[in-house]
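See structure below.
Just so you know, residue 1 is the first one in the sequence shown, and it goes up from there.
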Amino acid sequence: MVDNWETDFAYQRIRHLIQTRFRRDTLPDLNALLFLVGVQELGRWQADFTKEEKRDLMHVAVCRLMAEDGHYRFVGRDDDGWPHYELTSKIPPTDLKGQEQLLKEKIIGYFQDLETTEGFIG
């Protein structure tokens, strides 16, 4: 794990790049970034996701991010193209701050990979 200042710097960089890319007035929070990861994994955008679909997109994001450590395994897509994951190992318990820190680190890696492989942000 990198030092906290490095994680904070990288996370803020991602937030600012996303804010600029989507021309928003405010920085995206953790939930907004999870939503974007979910949309990216779904592979399509629609302007009118339902509340349930937004929740599902955030769940897809968490599964995708935690699959990096082997906690989830991608099992395929359903008839509507939604990705599905299977829990393969429990994520070690931690408090809310620890969960947020872990997700931030995973989000940083995810967007850095996109930036490197696809020039997605920046």
Side-chain angles (χ1 to χ4, degrees):
M1 183 186 333
V2 295
D3 289 338
N4 278 342
W5 75 265
E6 292 177 294
T7 300
D8 290 343
F9 181 84
Y11 183 69
Q12 293 304 325
R13 177 181 170 273
I14 298 294
R15 292 178 72 203
H16 281 276
L17 290 171
I18 296 297
Q19 177 189 22
T20 300
R21 181 168 176 93
F22 289 95
R23 296 180 181 102
R24 296 293 189 182
D25 293 333
T26 59
L27 290 171
D29 63 9
L30 182 63
N31 289 333
L33 293 174
L34 287 172
F35 174 76
L36 287 175
V37 170
V39 170
Q40 179 70 19
E41 292 302 305
L42 178 61
R44 67 174 185 265
W45 171 257
Q46 63 189 51
D48 58 347
F49 285 113
T50 66
K51 186 176 182 178
E52 182 178 318
E53 287 171 329
K54 289 176 183 176
R55 186 196 69 226
D56 291 346
L57 286 166
M58 291 172 67
H59 176 73
V60 165
V62 170
C63 292
R64 166 61 179 81
L65 294 172
M66 299 313 291
E68 292 290 319
D69 291 339
H71 297 294
Y72 285 89
R73 181 179 64 84
F74 178 72
V75 293
R77 293 182 178 269
D78 64 20
D79 292 339
D80 295 323
W82 283 74
H84 288 270
Y85 290 82
E86 174 181 90
L87 181 65
T88 56
S89 67
K90 289 191 174 194
I91 300 166
T94 183
D95 61 9
L96 183 58
K97 187 172 181 164
Q99 291 172 13
E100 287 181 2
Q101 186 67 23
L102 178 60
L103 286 173
K104 285 178 181 180
E105 290 170 10
K106 296 297 179 189
I107 286 170
I108 291 165
Y110 182 87
F111 281 106
Q112 286 176 340
D113 287 348
L114 275 180
E115 189 174 31
T116 300
T117 60
E118 300 179 24
F120 180 72
I121 57 177

Q: Work out which heavy atom in Arg44 is nearest to a heavy atom in Phe49; give both atom names and the distance.
A: O-CZ, 4.0 Å
Q. Which heavy-atom pair separates Gly70 from Ser89 by the least distance, and what is that distance?
A.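 That closest heavy-atom pairing would be O-OG, 3.5 Å.
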Any heavy-atom pair between the side chains of [Y] and [X] that's under 4.5 Å?
| X | Y | result |
| --- | --- | --- |
| Ile108 | Phe9 | no |
| His71 | Pro92 | yes |
| Glu41 | Tyr110 | yes |

(Q) Evaluate Lys51 against Arg55 for side chain to side chain contact (heavy atoms under 4.5 Å, CB included), listing each step before the verdict. (A) CA-CA 6 Å; Lys51 186 176 182 178; Arg55 186 196 69 226; over 6 Å; no
Q. Between Phe111 and Leu17, does a side chain to side chain contact (heavy atoms under 4.5 Å, CB included) hold up when you go through it step by step?
A. CA-CA 10 Å; Phe111 281 106; Leu17 290 171; over 6 Å; no
(Q) For Met66 and Leu102: C-alpha separation, side-chain torsions, deciding distance, then whether side chain to side chain contact (heavy atoms under 4.5 Å, CB included) applies. (A) CA-CA 9 Å; Met66 299 313 291; Leu102 178 60; 3.5 Å; yes
What's the separation between atom [atom1] in [X] and atom [atom2] in [Y], rounded to the nearest 0.5 Å?
| X | Y | atom1 | atom2 | value |
| --- | --- | --- | --- | --- |
| Glu53 | Asp56 | CD | CG | 7.5 Å |
| Tyr11 | Gln101 | OH | CD | 10.0 Å |
| Arg15 | Thr20 | CZ | OG1 | 12.0 Å |
| Asp69 | Lys106 | CG | NZ | 3.0 Å |
| Lys54 | Asp48 | NZ | CG | 9.0 Å |
| Trp82 | Arg77 | CH2 | CZ | 10.5 Å |

Q) Taking atom CD of Glu52 as the centre, does the number of heavy atoms from other residues, nucleotides or ligands within less than 6.0 Å exceed 12? A)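 It does not: Glu52 CD has 12 such atoms or fewer within range.
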Which pairs would a plain distance check flag for residues 25-38, meaning a side-chain donor or acceptor within less than 3.5 Å of a matching protein atom at least two apart in sequence or in another chain?
from	atom 1	to	atom 2	distance (Å)
Asp29	OD1	Asn31	N	3.2
Asp29	OD1	Ala32	N	2.8

Q: Please step through side chain to side chain contact (heavy atoms under 4.5 Å, CB included) for the pair Ile107 and Lys104, ending with a clear verdict.
A: CA-CA 5 Å; Ile107 286 170; Lys104 285 178 181 180; 5.7 Å; no
Q. When clusters are formed by joining ILVMFWY residues with side-chain heavy atoms under 4.5 Å apart, either directly or through shared neighbours, do Tyr85 and Val75 land in the same one?
A. no
Q. Linking I/L/V/M/F/W/Y whenever any side-chain heavy atoms sit under 4.5 Å apart, do Ile91 and Leu96 land together?
A. no
Q.
Just to verify, what does Asp113 make a salt bridge (Lys or Arg N to Asp or Glu O under 4.0 Å) with, not counting sequence neighbours?
A.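 Salt bridge (Lys or Arg N to Asp or Glu O under 4.0 Å) list for Asp113, sorted by chain: empty.
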Q: Could I get the full list of salt bridge (Lys or Arg N to Asp or Glu O under 4.0 Å) partners for Glu68, not counting sequence neighbours?
A: Arg64
